[in-house]
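Since the model is a prediction, treat every value here as computed from it, not as a measurement. Only heavy atoms go into these numbers, but all of them, side chains included; no hydrogens, no water, no symmetry mates. Protein chains get the first letters and strands the later ones, always in sequence-line order, with residue 1 at the start of each.
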Protein chains: 2
Amino acid sequence: MNKIKTTENIFTHFEKFIKLSENLKLELSKRIKPIVFQKGELVLDANNISKKSYFINKGILRTYFIKDGKEISEFFSGIDEWVNSPKSFMQREKDIYYIDAIEKTEAYFITVNDLVYLFDNFPEMERYARLSMGTIFGHFMERITSIRFTTAKEKYTHFQKTYSNIYHRIPLGMVASYLGITQETLSRIRAVK
Amino acid sequence: MNKIKTTENIFTHFEKFIKLSENLKLELSKRIKPIVFQKGELVLDANNISKKSYFINKGILRTYFIKDGKEISEFFSGIDEWVNSPKSFMQREKDIYYIDAIEKTEAYFITVNDLVYLFDNFPEMERYARLSMGTIFGHFMERITSIRFTTAKEKYTHFQKTYSNIYHRIPLGMVASYLGITQETLSRIRAVK
DNA sequence: GTAATTATTTGATTTAGGTCAAAAGTTCTG
DNA sequence: CAGAACTTTTGACCTAAATCAAATAATTAC
């Protein structure tokens, strides 16, 4: 009962974009495996190539990089989202991103090799990837706008909207670096209310 | 001789990502048409749905939106790049983006209907879309980093790098709004040298 | 359960870049 | 080619947020 759910969530996610044949479901099931990360655990070290993509069932993962010795959060990922180091994962080369668990996280994963197999044999998987990337695209554009033209206060409000279900579970310092403001400023913003 | 080149450029572009069969080349050729925009001409009005995607052969297009009565540049596109209003084009709904020509621009275009036909009949087109979006992804992430943590000067330097072949052809005011700084600040930055 | 970390808040001061205003340059257009 | 209409530059002043510094508060570990 307290065990990880079946592949139900992940299939539902795919079916937002494509119809899953029984055969594809079977091939997916063979390649998707559960995994659990404890709070604070490192999911990906930037010194390694990202070879797995994680689909979150519960918990929060954070993607970040190091600048001037400080951790800068790039994004946070919650339930029903895929997480990997995008460039590293697709080009099979190192990139700057680390991934860790902000809280205990239950996920599935698929390896890049298995994913490539599915792309090669199921054209609908290519479509899934194209369409799902499209939605992320929109978020990126919105974020760029939000960063460029708003006060620190507005940035924080936008963040709360974007991450409405998880924002209160993310430590202040991480949020500040995500927004590109100092944590002192963020602390003051939150104090005003 | 002074006429628009053949579909050569566009085929070369596709072949960076996939192998083009003779049949696909034929089907593409049937659906790709040339078009020319004069300097200052509006390519897309945000009151309309974006139904064509333009592949630039020569010239520069600008994608922008209006905020508080002012035009804010979202990106600039030069040779060998596709231009459309992404969300509008794929979801077939209105979005906030206008597109205009910064200089006289020669392009090809394909309609969203034709593109959908190709996606439905040529799985390699899905792959092309997935892979080419992947590269744009990387640029977006870099841009987000660049906007968040750099001084106005560094933002401008990054802009020059990103748009190394066209940056000097874009009016200062448009660059400033792209970078999220005022044009006075940009003017002063450029003056220092 | 208390010491030791780590995270957050508060205060004082500084500064990069914004705002407002006007002058100087450029480029369209009839 | 002259006047209108933009575009870019320059100057004076102001403000939001950064920086530096230290005090609290909250977790974590033994």
- Task: Would you please confirm or rule out a distance under 4.0 Å between OP1 or OP2 of dT27(C) and any side-chain N or O of Lys39(B)?
- Result: no
- Please give, in whole Å, the distance from dG17(C) C1' to Glu154(B) CD? 14 Å
- Which nucleotide sits closest to the side chain of Ala191(B): dG17(C), dA18(D), dT10(D)? dT10(D)
- Query: Does one side chain, of Arg92(B) or Asn113(B), offer a donor that lies under 3.5 Å from an acceptor on the other?
  - Reply: yes
- Whether Glu154(A) side chain and Thr151(A) backbone form a donor-acceptor pair below 3.5 Å: yes
- Query: Side-chain N or O of Thr185(A) less than 4.0 angstrom from OP1 or OP2 on dA18(D)?
  - Reply: yes
- Message: From CD of Gln183(B) over to P of dG18(C), roughly how many Å is that when rounded to an integer?
- Response: 11 Å
- Query: How close or far is atom C1' of dT8(D) from atom CE of Met174(B), stated in whole angstroms?
  - Reply: 14 Å
- Message: By the 4.0 Å heavy-atom rule, please label Gly40(B) as base, sugar-phosphate, or nothing.
- Response: nothing
- Message: It should be established whether Lys155(A) places a side-chain nitrogen or oxygen under 4.0 Å from OP1 or OP2 of nucleotide dA17(D).
- Response: no
- Between C1' of dT27(C) and CD of Glu103(B), the distance in whole Å: 16 Å
- Query: Can you check the Leu172(B) CG to dT26(C) C1' distance for me, whole Å?
  - Reply: 13 Å
- Note on the structure: Lys153(B) atom NZ is separated from dT15(C) atom C1', nearest whole Å, by 18 Å
- Query: Tell me: CD of Glu184(B) to P of dC13(D), nearest whole Å?
  - Reply: 16 Å
- Query: Under 3.5 Å, side chain of Glu126(A) to main-chain N/O of Pro123(A), donor-acceptor pair present?
  - Reply: no
- Message: Among dT19(C), dA17(D), dT19(D), which nucleotide has an atom closest to any side-chain atom of Thr182(A)?
- Response: dT19(D)
- Task: Say whether, by atom type as modelled, one donor and one acceptor occur between the side chain of Thr63(B) and the main chain of Ile99(B) under 3.5 angstrom.
- Result: no
- Task: Write down the distance between CZ (Phe149(B)) and P (dA17(D)), rounded to a whole number of angstrom.
- Result: 15 Å
- Task: Just call it for Ile181(A): base, sugar-phosphate, or nothing, with non-hydrogen atoms closer than 4.0 Å on any strand.
- Result: sugar-phosphate
- Query: Which nucleotide in the set dT10(C), dG17(C), dT10(D) lies at the smallest distance from any side-chain heavy atom of Arg188(A)?
  - Reply: dT10(C)
- Indicate the ring-plane relationship of His13(B) and Tyr128(B), choosing parallel, tilted or perpendicular according to the 30° and 60° boundaries. perpendicular
